[in-house]
Amino acid sequence: MKHDVSGAHTTAARITDRTAHEAYSFACMKCGHGWEQEYEIRHLEYADGRPLIAYYADGERVPSPLTRPTCRNCEGHLVRIMRSGRVSTAEAAQLHH
């Protein structure tokens, strides 16, 4: 028996042909840290046919960033999720002022 990223026991899952790529911007409301991350989202199926969605960042399996995002700087969970490019746009604007 295998464990998924939450620690729950799972049966073997197989990859379907559906893989998506998404990118998000994040801003921590606790410490002000901002960052961007790209994800590969694989649509899997358990052996019994139940769907499973697995997120990968930089080749490593990670929890869904949409369920309980964690700040990379302070590990806080009060994190705002925005469309991709928001953090880099804000950083570029700050450099010009």
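Just so it is clear, the structure is predicted and the values come from calculations on it, not from any experiment.
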Nearest 0.5 Å, please: how far is [atom2] in [Y] from [atom1] in [X]?
X: C28; Y: N73; atom1: SG; atom2: CG; answer: 7.5 Å
X: L44; Y: R18; atom1: CG; atom2: CZ; answer: 9.5 Å
X: E22; Y: Y55; atom1: CD; atom2: OH; answer: 8.0 Å
X: E75; Y: C31; atom1: CD; atom2: SG; answer: 10.5 Å
X: I81; Y: Q37; atom1: CD1; atom2: CD; answer: 12.5 Å
X: M82; Y: F26; atom1: CE; atom2: CZ; answer: 9.0 Å

Show your working on side chain to side chain contact (heavy atoms under 4.5 Å, CB included) between E36 and S84 and close with a plain yes or no. CA-CA 7 Å; E36 298 191 12; S84 176; 4.1 Å; yes
Identify the two heavy atoms, one from [X] and one from [Y], that lie closest to each other, and give their separation to 0.1 Å.
X: W35; Y: C71; answer: CH2-CA, 3.4 Å
X: Y46; Y: P51; answer: CE1-O, 3.9 Å
X: T70; Y: V79; answer: C-CG2, 4.2 Å

H43 side chain to L52 backbone, donor-acceptor under 3.5 Å: no
Any donor-acceptor pair under 3.5 Å linking the side chain of S25 with the backbone of R83? yes
Which residues share a side chain to side chain donor-acceptor pair (under 3.5 Å) with H33, sequence neighbours left out: none
Once side chain to side chain donor-acceptor pair (under 3.5 Å) is applied, do any residues pair with E38, and if so which ones, sequence neighbours excluded? none
R42/I53 under side chain to side chain contact (heavy atoms under 4.5 Å, CB included): CA gap, chis, key distance, verdict: CA-CA 6 Å; R42 297 180 190 170; I53 298 174; over 6 Å; no
Chi angles and distances behind the side chain to side chain contact (heavy atoms under 4.5 Å, CB included) call for Y56, Y39: CA-CA 5 Å; Y56 290 82; Y39 295 91; over 6 Å; no
M29: hydrophobic cluster co-members (side-chain, 4.5 Å):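 Taking Ile, Leu, Val, Met, Phe, Trp and Tyr as members, M29 shares its hydrophobic cluster with L78.
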